Amino acid sequence: MKGTLKSCLLSKEYIQAKNSMLLLFQVLEIFPPVEEDAKEIKEVIEKFDANYPNHEDLKKRGESYLTVLKKKIDQLPKVDRTEIKKKANEKDKKPSASSHKNKEEETK
């Protein structure tokens with residue numbers, strides 16, 4: 001969800017950015033779920049002035065969302081995704097018990 005929202009917010013298409021802002025307000029209680037995601041969304045919205053110089057409504061929505069998001073960031077959990085990915089890769093490399101059992105049955 002984060003990637004799609006970022007893409008729409010960075011888009012030069014006004015309607016995409018506007019709809020993304022509306023969605024962000026609607027899901028504010030559950031998204032962004034972690035500090036890292038919140039910071040990435042914050043950085044994108046801070047660029048609204050440059051991306052939409054003639055759309056005051058969009059800039060005001062962005063400012064409004066940033067006000068709420070900045071308060072929320074401190075309350076969000078910090079997640080080290082590199083550690084999660086490392087653990088997932090290690091798990092993928094370990095043969096599972098069922099695959100070991102299947103190999104034994106094939107050799108019989």
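All heavy atoms count here, side chains included; hydrogens, waters and symmetry mates do not. Treat the numbers as computed from the prediction; the structure is a model and nothing was measured.
No side-chain donor-acceptor contact under 3.5 Å links N54 and Y14.
The shortest non-hydrogen separation linking L69 to A38 is CD2-O, 3.6 Å. Residues Y65 and M21 share a closest heavy-atom pair of CB-CE, 3.4 Å. Taking both residues in full, the closest heavy atoms of Y52 and A17 are given as OH-CB, 3.2 Å, listed atom of the first, atom of the second, then distance.
Atom OG1 of T4 and atom CD of Q16 lie 10.5 Å apart (nearest 0.5 Å). The CE atom of M1 sits 5.0 Å away from atom CZ of F31, with the distance rounded to the nearest 0.5 Å. In this structure, the separation between CG on N19 and CD on E13 is 11.5 Å, given to the nearest 0.5 Å. In this structure, L58 CG and N51 CG are separated by 9.0 Å, a value rounded to the nearest 0.5 Å. Going from atom NE2 of H55 over to atom NZ of K60 covers 14.5 Å, rounded to the nearest 0.5 Å. Interatomic distance, S20 OG to L10 CG, rounded to the nearest 0.5 Å: 9.5 Å.
Taking a cutoff of 4.0 Å between a charged side-chain nitrogen and a carboxylate oxygen, E43 and K47 do not qualify as a salt bridge. Salt-bridge annotation for E63 and K59: absent, with no side-chain N of the basic residue lying under 4.0 Å from a carboxylate O of the acidic one.
Side-chain contact between I30 and V27: present, with at least one pair of heavy atoms (C-beta onward) separated by less than 4.5 Å.
The cluster map of Ile, Leu, Val, Met, Phe, Trp and Tyr, joined by side-chain heavy atoms under 4.5 Å apart, puts L22 and I41 in different clusters.
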*side-chain contact (heavy atoms from CB on, under 4.5 Å) between L76 and V34, worked out*: CA-CA 5 Å; L76 293 172; V34 295; 5.6 Å; no
_V44 and L5: CA distance, side-chain angles, deciding distance, side-chain contact (heavy atoms from CB on, under 4.5 Å) verdict_ = CA-CA 10 Å; V44 170; L5 282 168; over 6 Å; no
_side-chain contact (heavy atoms from CB on, under 4.5 Å) evaluation trace for K18 with R61_ = CA-CA 9 Å; K18 180 181 175 185; R61 276 195 178 109; 3.5 Å; yes
*Could you walk me through whether K42 and I73 pass the side-chain contact (heavy atoms from CB on, under 4.5 Å) test, one step at a time?*
CA-CA 10 Å; K42 177 179 164 270; I73 285 177; 3.8 Å; yes
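At distances below 3.5 Å, at least one donor-acceptor pair connects side-chain atoms of K72 with backbone N or O atoms of L28.
Scanning for salt bridge (charged side-chain N to carboxylate O under 4.0 Å, His left out) contacts around E40 gives K2, K6, with sequence neighbours left out.
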